[in-house]
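Quick note on labels: first sequence line is chain A, next is B, and so on, each numbered from 1.
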Amino acid sequence: MPDDQMPDERMVEVRRAVEAILMVAVDPVPPNLLAQLLEVSTATVEAQCAALADGYEADGRGFALVRVGGGYRFQSHPDQAPWVERFVLEGQSSRLTAAALETLAIVAYKQPISRAQVSAIRGVDAEGVMRTLQQRGWIDELSRDPGPGNAILYGTTREFLERMGLDSAADLPPLGDFVPGPEVVEALERGLMADPGTPADQPIEVPIEASTGDGLVGGEPAEAPEG
Amino acid sequence: MPDDQMPDERMVEVRRAVEAILMVAVDPVPPNLLAQLLEVSTATVEAQCAALADGYEADGRGFALVRVGGGYRFQSHPDQAPWVERFVLEGQSSRLTAAALETLAIVAYKQPISRAQVSAIRGVDAEGVMRTLQQRGWIDELSRDPGPGNAILYGTTREFLERMGLDSAADLPPLGDFVPGPEVVEALERGLMADPGTPADQPIEVPIEASTGDGLVGGEPAEAPEG
Amino acid sequence: MSVTVTTAVYEGPFDLLLNLILKEEVELYEVSLSSIVDAYLVELERLEALDLEVATEFLLIAAILVELKTRRLLPGRDGVDADDEFGLWEERDLLLARLLECKTFKDAAVVLRRLAAEASRSWPRRAGLEERFLGMAPDLLDGVTADDLRAACLRGLAPRPSVHVETEHIAPIRASVADAVAELVDEIPRSGTITFRHLTRGLVDRIEIVVRFLAVLELYKQGVVEVDQLGAFGDIHVGWRPGAEPGDVDLIDAYEG
C-alpha cells in the first residue's frame, strides 16, 4: 500500500515503532529490515524516517536520526559535540576494567579465537566487551573458522602490538608452566565450534561487563547497601 | 541561578545537551554528573529531564526518558515492546525461577548479607541460586564480614535496579508491606498449636487471596529450571 | 484427609509446611505425619539426589511437629518437666518466626517479579559513543604493559575459584551413608565389638555422626552386626555377628532409608 493510501494511525504506529527500535539498536538498522519487521514497504520506512529526522531538526532536538552505513540510527546532534566531548572526557573514569583487560589478554594469547570460545572461558557473554575492543582498534577479525559454522576468529591488531612494544604476538611474555582451569581447556578443545551467537531458546547470560559502561571503563562499584 | 531566573535559551541549551549526552551514554547518567558537565544545578537538570520526559510522552514518542538505577537514560517505550521484541530476537531477560526471585528478594532487603544467612532464611542451601544471580549480574559481592570467618557479603547491583525499573534500592516497597497479616500469623500459630484447649476440628480460614495472591507457596506453577 | 502435593515444587521444608498449613487449609493435627513425610519424599525423588541438608532440616521440623502433636493428643500434662515444656514452646516460636519470614520474602518476591516484568517491556539504549568520539576517549591502554597482559591472561585462564572454598566453614558436609557403610564393614570385623562413641571419634559435624548412625542401622538391617545398649544414654555397642562375612554386605549405592 503506497504511503498516500495508508491511514494516519498506521503511519503513527510505524513512526513510533521505528523510534523504539532505533533507540535500542546498537548498529545502524537497514530500512529493508525495518520494513520487514513492521510489515510495510521500504519506501514507507524511508518516508517515515525522513519525516522523523526533519521533525527532530525542526524541534531543535539534541539528537538526530541519520542514515549511515546502510541504515538508520540515532546519534548526538553534531552541534552538541562539545557537550558530548565533555561527557567523554570528564564523565568517565579512565581505568580499564579487570574484565576488559582479561578479555583482551585472552584474545592476545589464544588468537585466533572465536567469540564463543572467549565467552566460554570468561563464563559470561563477551560480545559487548569484544565489540568495544574492536572499536578501539585493539582486536580485529582475522579469519573464519574453516569448520562448521564458520565462526569469526579474532586476534590482536598490529597497532595494539606496537603499543605494547611487541613485534608479534609470539613476543608476548610466556605464560610459563601454567595449568588453565578445566572450563578453559574444554572451551579451547571444543575447538573452533560454530559460534552459537545468542540462540533465542537459550537463557541469555547477562554480560556483567555491560553494566559498566562500554565494558572497558571502571564503573561505579556495586550499589551501596541500604538500610 | 534558580530555574525561574534562567533565560529560556539556557534551558533549551541544557535540554539539548542532555538529549545528546544520554544518546551516547551506555549506563544511566546521574543528575549530578549532568549538572557538573553543564554547569547548572542538579535541580535544574532534574527539572529539564522531567520536562523532556513529559514532552516525549505527550508527543507520543516511541521512546522514553526515565530515571532508573540512579540516573537518566533513554529506553524504548513500554507499549512498543511487541515491535522491539521482533527486532531484539534474544528477549531481554530470561525469567527467573521462583527460587531465584525469593533469594533475590532476601538479598535486596537484607543486604549486605552472607550466603549462609540467605540459606538460613530459605531453609535450603542457596549456593547454586546465588551463583546464578551473580553470573547474571543481579547481585555481587559487596564486602567481607569483619567478624570471624570473613564471609563474603552480597548485595544487589545497579543492573538489578535497572532491571527492576527502580532508581535506588530505597525505592523498593518497604518490607513491612509483606509481613503477613494477623490472620496468617494466627493460622500459622494454630497450625503449630500445642495447646489441647483449642478445638482441633475448627477449620482454619486463611484468606489466601487477601495475602498478595500467588505469593503463597506452591501457588505459582512450577517453572522450568533455567539452563 | 488426603493431601495432594505432587503438583508443586517445594523449595525445602518451610515451603512444604507453609503450604500444608495455609494453602491446603488443613488443621495440621488432622494431617497424619506420614502424609507430610510422603509428600516430602515425593519432592525428594524429584530432586533425584538426597540433599542431606534439606532432609535434616525437614526431619528437625517433623520432630518438633511430632512432639507438639503428641502433647496435643495426650490427656493431661501433669508431671511434664517445666523446662521441657518451655523448650518446646521456644522451638515452636522459632519455627513460627521462620515460617513468617519465609512467607514475607515469598510475597516480596512476587512484587519483584512484577517490577521486573514491567521493566522488561523497555529496552535501554546501549549504542554508546559514535565513532568520532571514540578517539578522544581517554587512552585506556596508558600504562598497560605486556607483563600486565600476561598477568591478566593468567587471571582469566585460572580455574575459577569454587564458591565452596570461600565459605567452607558453613558449607554442608556431603557425607554419604554408602561411604560410611563401606568404612564400617572394614572397621567393625577388625575390632570385634566396638562402641558407637569409638566409631565416631574424631568426627566433628553432627551430620557425619548421624550418617555413621544410619550406616550402623543399615548393617543391622542386613543382619551383619549386633547392636546393644545397656542403659538409657549408655554406650551403644556394635559387634560383628559371628559367621557374617563382610562380603555379604550390600554396599548400597544410595541410602534409601
- Relative to chain C, which segment of Met130(B) carries a heavy atom at a distance below 4.5 Å: side chain, backbone, both, or neither? neither
- Message: Closer than 3.5 angstrom, by distance alone: can the side chain of Ser122(C) be matched with the main-chain N or O of Ser76(B) as a donor-acceptor pair?
- Response: yes
- Query: Run the side-chain contact (heavy atoms from CB on, under 4.5 Å) check on Trp123(C) and Gln80(B) step by step: do they pass?
  - Reply: CA-CA 10 Å; Trp123(C) 282 258; Gln80(B) 295 301 302; over 6 Å; no
- Just wondering, do Arg126(C) and Asp27(B) contact through their side chains at under 4.5 Å, heavy atoms? yes
- Message: So Asp177(B) and Asp107(C), do their side chains get closer than 4.5 Å, heavy atoms only?
- Response: no
- Query: What is the minimum heavy-atom distance between Arg121(C) and Asp79(B), and which atoms define it?
  - Reply: NH2-CA, 3.9 Å
- Query: Quick one: does Arg125(C)'s side chain get under 4.5 Å of Phe63(B)'s, heavy atoms only?
  - Reply: no
- Ala108(C) to Ala105(B) - nearest heavy-atom pair and separation: CB-CB, 4.1 Å
- Item | Reported CG-to-CZ distance for the pair Leu104(B) and Arg113(C), which is rounded to 0.5 angstrom | 11.0 Å
- Query: If you round to the nearest 0.5 Å, how far is NZ of Lys106(C) from CG of Leu101(B)?
  - Reply: 10.5 Å
- Message: Measuring from atom CD of Glu118(C) to atom CZ of Arg163(B), what distance do you get when rounded to the nearest 0.5 angstrom?
- Response: 15.5 Å
- Message: How close do Val185(B) and Leu100(C) get, counting heavy atoms only, and between which atoms?
- Response: CG2-CD2, 3.7 Å
- What part of Pro180(B) lies closer than 4.5 angstrom to a heavy atom of chain C: side chain, backbone, both or neither? both
- Query: Side chain, backbone, both or neither: which part of Leu166(B) has a non-hydrogen atom closer than 4.5 Å to chain C?
  - Reply: side chain
- Task: Quick one: closest heavy-atom pair of Leu115(C) and Pro173(B), and the distance?
- Result: CD1-CD, 4.5 Å
- Message: Quick check on the interface: out of Gly165(B), Ala64(B), Ala120(B), who has the most heavy-atom pairs with chain C under 4.5 Å?
- Response: Ala120(B)
- Would you indicate whether the side-chain heavy atoms of Thr103(B) and Phe105(C) approach each other to under 4.5 Å? no
- Item | Gln117(B): partners by side-chain hydrogen bond (donor to acceptor under 3.5 Å, both in side chains), with sequence neighbours left out | Ser114(B)
- Item | Spatial distance of atom CZ (Arg122(B)) from atom CD (Glu101(C)) [nearest 0.5 Å] | 12.0 Å
